[in-house]
Every structure is written in structure tokens, then in C-alpha cells.
Amino acid sequence: MNKNTLSRGKFISFEGGEGAGKSTQVNLLRDHLSGMGIDVVLTREPGGAPGAEEIRQLLVTGEPDKWVPMTEILLFYAARVDHLERTVLPALAQGKWVISDRYADSTFAYQGAGQGVDRAVVQQIHQLATNNFWPDLTLILDTDPAVGLSRATAREAALSEEQREDRYEKMQGESHARLRQAFLDIADKNPERCHVITGGGTIGDVATQISQQVSAIFGLGL
Ligand code: TMP
């Protein structure tokens with residue numbers, strides 16, 4: 001192969017309910033891939049670029065009924081396009097791998113299944129805003145909602161009022177089980193892209209499951 005040919009990097013997203021341990025696992029996968037000599041960019045949604053981080057603050061703070069659902073979706077997509085254009089696509093073009101803590105499946109789960117916006121409407125917006133851009137691989141961390149919620153609540157309680165990003169925790173209440181089911185349905189409908197990781201074991205067990213999946217899917221270490 002011509003040495004100057006730079007192959008596009010891979011885009012991996014992590015999804016799951018509150019307190020599923022995503023941020024820990026995102027970091028562990030980054031360490032694992034970096035250890036194999038892969039250049040990795042870690043990012044998140046909403047956020048992941050300066051403007052998108054500003055939009056994040058509008059979304060994750062304040063009272064649950066602050067936005068009507070359509071405004072909320074459009075804010076997520078405003079942030080997402082900025083994130084894609086400023087962070088994800090340039091990194092992929094440079095051959096880097098991008099790991100994002102959440103991407104568009106969260107909109108289908110939270111705003112679609114959670115807040116009742118028609119899936120077809122979310123899909124139309126996704127098509128228009130991103131030209132139907134999806135990750136190469138999505139890892140869905142599946143955790144018992146009660147465990148996840150108590151972890152997330154404990155994490156938020158340790159923060160000051162201004163630091164708290166708890167709008168969605170306040171909003172979801174009893175619908176955590178519905179959210180979990182929404183992610184499992186997404187995995188069912190997209191078996192090529194999505195893999196469910198069972199979050200019940202230790203952090204190390206879950207990290208091993210993830211690195212094995214990623215190695216198998218992308219043929220690493222073969
Ligand atoms: P985080 O807690 O994983 O950082 O995510 C912030 C919150 O935003 C989380 O409660 C899920 C929510 N969210 C949506 O409702 N829709 C979306 O499209 C995304 C990316 C996140």
C-alpha cells in the first residue's frame with residue numbers, strides 16, 4: 001500500500017442509561033487502544049466541541065420541563081452537527097479513532113422512546129442534520145436501572161448546585177426501565193452496528209468484554 005494513503009479511523013460510541021459506567025469504560029478502552037499504538041480521541045455528547053459544550057449546559061441543567069420535546073431534539077442535533085464537523089470527522093480523516101460517550105442512539109432512546117417523539121421524526125432530523133451518519137460500532141452498556149440510577153444520584157449529590165447536570169435524572173423517574181428497553185430494541189434492530197455489553201460484573205470484567213469485542217470486530221491483534 002502507498003505509505004501516504006491514510007486510512008480513515010474508526011468511530012465507536014458508548015450508550016446506556018444513567019450510571020451504567022460508560023465514562024469509566026470509555027477511558028479504559030482508550031487506554032487499551034492507545035496501548036496498541038492507536039491514536040484515540042475521546043469525546044462526548046452532548047458536547048465534544050466548544051459550541052456543543054455550550055449547548056450541553058442548556059440541556060443538562062435546570063428543570064425537567066424547561067424545553068418542549070422538539071426544541072430539545074433540535075438542541076441535541078445543533079450540538080451534534082457541531083461535534084461532528086469540528087471534532088469527529090476531522091479526527092477520522094486524520095486516521096484517528098474516535099470514542100464518543102453517547103451519540104444519536106441516545107436521542108432515539110431518551111427523546112424518542114422516553115419523551116414520546118415519533119421515531120420517524122427523529123430519523124428525518126438525523127438524516128437532514130448528519131446525512132445519516134452512524135458509528136462503525138456502538139457498545140450499549142446494559143445495567144440494572146436501579147443500580148445505575150443510585151450510582152448516578154450519588155455522583156450528582158457529591159457536586160454543588162451549580163455543578164449538577166441532573167436534569168435527565170430528575171426527568172426519568174420510573175421510566176428507567178423503559179429507557180433500558182429502548183436501548184435493547186435499538187441493539188436488536190441494528191445487529192451489525194450495536195453490541196450489548198452486560199454491565200453486571202466488575203469494572204475489569206466489563207472492560208475485558210469490551211476490548212475482546214472491539215478486537216474481534218476490527219481484527220486487532222490478529
Ligand atoms: P451523560 O450523563 O451521559 O453525560 O449525558 C447527559 C444526559 O443527556 C443524559 O441524561 C442523557 C441525555 N441525552 C439525551 O437525552 N439525548 C441525547 O441525544 C444525548 C446525547 C444525551
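All ligand and atom numbering here is 1-based and tracks the order in the structure.
Not a single N or O atom of E45, backbone or side chain, sits closer than 3.5 Å to an N or O atom of ligand 1. Looking at D101 next to ligand 1, no N or O pair under 3.5 Å apart turns up. Ligand 1 has a nitrogen or oxygen under 3.5 angstrom from a nitrogen or oxygen of Q111.
Using a 4.0 Å cut-off between heavy atoms, E15 makes no contact with ligand 1 at all.
Remark: aromatic rings of Y103 and F11 are close, center separation under 6.0 Å. Ring centers of F133 and H126: at least 6.0 Å apart, outside the cut-off.
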Legend entry - Residue pair R119, D185: steps toward the salt bridge (Lys or Arg N to Asp or Glu O under 4.0 Å) verdict: CA-CA 12 Å; R119 195 191 169 282; D185 291 345; over 6 Å; no
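For the residues R102, K22, R44, the heavy atom positioned nearest atom 5 (O) of ligand 1 is part of R102. Distances from atom 18 (O) of ligand 1 to the heavy atoms of D105, L59, T107 show the closest one on T107.
Of the possible polar contacts, none joining the R44 side chain to the S100 backbone as a donor-acceptor pair under 3.5 Å is found. Although no hydrogens or angles enter the test, the distance criterion places no donor-acceptor pair under 3.5 Å between the side chain of S13 and the main chain of P135.
Near R56, meaning under 4.0 Å from any of its heavy atoms, are these atoms of ligand 1: 4 (O). Heavy-atom proximity to R80, at under 4.0 Å, picks out these atoms of ligand 1: 18 (O), 20 (C).
In summary, K10 and D136 do not engage in a salt bridge, as defined by a charged side-chain N under 4.0 Å from a carboxylate O.
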